[in-house]
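These notes are about the structure you will find just below.
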Amino acid sequence: MIKIYQDDLSKWLEHVRIYANNGRVADYIPALANQQPETNAVAYYPLEGEMICSGQSEYCFTIQSISKVVTLALALMQHGENAVFSRVDKEPTSDPFYSVAKLEVEKPAKPFNPMINAGALAVTNMIRGRNSEEMVDELLKLVRLMTNDHSVTYDSEVAQSEYETAFLNRALCYFMKQHGVITGSVEELLDVYTKQCAISMNVQQLARMGAVFANDGRDPETNEEIIPAQVARVCKTFMVTCGMYNESGTFAINVGIPAKSGVSGAVMGVIKKSGGIAVFGPALNKKGNSVVGLRFLEKLAEEKRWSIF
């Protein structure tokens, strides 16, 4: 088991804070534009021992695209692999996460993977529920189990801001609906999707989510199954191949663990059989990943030799 100590977190977070000057806060979602680049935090939730954290670890942010991993897990639990992967493929793509290009050239118009926006929308469309409220509740139930915190919910201001500016996602939805990849109301789907992206938590809660995946889907404290081991394995595989947008290959070489980022500046990492780690720094690079988060994980991975490769 890889050991990480309080001094490790504090030392490396202090070391990489300056990199926030090399990125920009996401401003295409108005509610995210107000984030302060100097807000940084990290938490590590080990499968054995006490959680440790450093920086502004109580600060809450929206998880954005990290929600795609949990939604995929939920859809797989509700419908099985055959049904889910009849709607979305399993392959990485070099295109930006918001791209519509591959949908236009592939026959059928099937998204490449569940971590790009088109694929995530197709997966969210599969969540059970008679309406958007029930679908969001299903997702929140799973998130609350993983965080062991029943107060976790979505930030309504961020959700509304994303919903009102979701022009590209609307385009993706209508294109996929035309080709039978999604069904039902596009506006209802976007209501669910924007609320899923706006789920709010801090690095401590996010690290615990990572620990569930590190423990093959089991609660890190009780060892009770939250997600079947096979579902957890599929989700972790997508984190490796597609989790860091179209910077996933570079991340696999430099860090080498399953991870998923979000444009809020959060990154959730999974250290197999050891624990979950979460880093937050809202300044992003051109690929949409946290500059502080990437540098922190690179430094710690180098020191702890935690690459799965």
Side-chain angles (χ1 to χ4, degrees), residues 62-90 97-98 110-129 131-147 152-155 158-159 162-163 166 169 172-173 176 181-186 188-201 205-206 208-210 212-213 217 226-228 230-245 258-264 266-268 270 276:
T62 55
I63 62 173
Q64 297 298 323
S65 284
I66 298 173
S67 67
K68 295 171 181 177
V69 182
V70 187
T71 308
L72 174 61
L74 180 59
L76 288 168
M77 290 161 67
Q78 291 182 341
H79 301 284
E81 290 186 43
N82 289 341
V84 171
F85 296 123
S86 69
R87 300 274 194 96
V88 61
D89 218 330
K90 306 173 185 176
F97 60 90
Y98 50 78
K110 188 173 165 182
F112 262 49
N113 65 72
M115 299 296 115
I116 58 175
N117 283 13
L121 286 159
V123 171
T124 297
N125 186 234
M126 299 184 74
I127 296 174
R128 288 177 181 159
N131 51 46
S132 60
E133 184 178 353
E134 288 189 0
M135 294 166 74
V136 172
D137 283 345
E138 285 288 302
L139 183 58
L140 285 173
K141 283 177 189 175
L142 180 55
V143 170
R144 288 164 179 167
L145 277 175
M146 297 180 75
T147 58
V152 172
T153 189
Y154 61 88
D155 184 316
V158 175
E162 294 197 46
Y163 180 81
N169 283 338
L172 291 171
C173 286
M176 288 190 289
V181 177
I182 66 170
T183 59
S185 165
V186 166
E188 187 169 66
L189 172 56
L190 285 170
D191 182 47
V192 178
Y193 185 73
T194 52
K195 286 174 180 173
Q196 125 189 358
C197 290
I199 292 172
S200 178
M201 63 182 68
Q205 294 160 323
L206 187 57
R208 195 183 195 281
M209 280 179 51
V212 172
F213 285 110
I226 296 175
I227 299 169
Q230 170 62 9
V231 170
R233 187 186 73 80
V234 170
C235 291
K236 285 183 285 187
T237 304
F238 277 116
M239 282 190 256
V240 172
T241 59
C242 316
M244 304 298 287
Y245 304 126
K260 185 71 192 84
S261 64
V263 294
S264 59
V267 184
M268 177 184 74
V270 177

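All values derive from a computational prediction rather than experimental measurement.
Between the CG atom of L189 and the CE atom of M135 there is a distance of 6.5 Å, given to the nearest 0.5 Å. Of the inter-residue distances, the one linking Y154 atom OH with C197 atom SG reads 13.5 Å to the nearest 0.5 angstrom. Rounded to the nearest 0.5 Å, atoms CD1 (I63) and OG (S261) are 12.0 Å apart. Residue K260 holds its NZ atom at 6.5 Å from CE of M115, rounded to the nearest 0.5 Å. In this structure, T71 OG1 and I66 CD1 are separated by 12.0 Å, a value rounded to the nearest 0.5 Å. Taking OG1 from T124 and CG from L74, the interatomic distance works out to 9.0 Å, rounded to the nearest 0.5 Å.
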- Would you please test L139 and I199 for side chain to side chain contact (heavy atoms under 4.5 Å, CB included) and show each step? CA-CA 10 Å; L139 183 58; I199 292 172; 4.1 Å; yes
- Can you list the steps and then say if V69 with F238 is a side chain to side chain contact (heavy atoms under 4.5 Å, CB included)? CA-CA 8 Å; V69 182; F238 277 116; over 6 Å; no
- Message: Using the rule given for salt bridge (Lys or Arg N to Asp or Glu O under 4.0 Å), can you reason through D191 versus K195, listing the C-alpha separation, both sets of side-chain angles and the distance that settles it, and then say yes or no?
- Response: CA-CA 6 Å; D191 182 47; K195 286 174 180 173; 3.2 Å; yes
- Go through V123 and R87 one step at a time and tell me if the side chain to side chain contact (heavy atoms under 4.5 Å, CB included) criterion holds. CA-CA 8 Å; V123 171; R87 300 274 194 96; over 6 Å; no
- Item | Stepwise side-chain hydrogen bond (donor to acceptor under 3.5 Å, both in side chains) check, Q230 with R233 | CA-CA 5 Å; Q230 170 62 9; R233 187 186 73 80; 3.0 Å; yes
- Item | R144 and T153: CA distance, side-chain angles, deciding distance, side chain to side chain contact (heavy atoms under 4.5 Å, CB included) verdict | CA-CA 8 Å; R144 288 164 179 167; T153 189; 4.0 Å; yes
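Cation-pi geometry between K90 and F85 is met: under 6.0 angstrom from the ring centre, within 45 degrees of the axis.
The minimum heavy-atom distance between V70 and V143, with the atom names listed, is CG1-CG2, 3.9 Å. In terms of heavy-atom proximity, A120 sits nearest to Y193 at CB-CE1, 3.8 Å. Contact record, L172 with A118: CD1-N, 3.9 Å, taken as the closest heavy-atom pair. A pairwise comparison of heavy atoms in M268 and G210 identifies SD-N, 3.6 Å as the closest pair. Nearest heavy-atom pair across V181 and P111 is CG1-CD, 3.9 Å. Minimum interatomic distance between M77 and P228 (heavy atoms only, all atoms of both residues): CG-CD, 3.7 Å.
Scored by the ring-ring contact (aromatic ring centres under 6.0 Å, His included) test, Y163 finds no partners at all (sequence neighbours excluded).
Inter-residue side-chain proximity for L121 and L190 is flagged as met; some heavy-atom pair is nearer than 4.5 Å. Between I182 and C173 the shortest side-chain heavy-atom distance falls below 4.5 Å. Side chains of M146 and L142 form a contact here, defined as non-hydrogen atoms less than 4.5 Å apart.
Between S65 and K68, the side chains place a donor N or O and an acceptor N or O closer than 3.5 Å (distance only, hydrogens not considered). Judged purely by distance below 3.5 Å, without hydrogens or angles, the side chains of Q196 and S67 pair a donor atom with an acceptor atom.
A donor-acceptor pair under 3.5 Å is formed between the side chain of S264 and the backbone N or O of T62. Judged by distance alone, the side chain of N113 and the main-chain N or O of V88 form no donor-acceptor pair under 3.5 Å. The backbone N or O of Q78 lies less than 3.5 Å from a partner atom in the side chain of R128, making a donor-acceptor pair.
Counting heavy atoms of neighbouring residues, nucleotides and ligands inside a 6.0 Å radius, atom CD of E133 does not exceed 12 of them.
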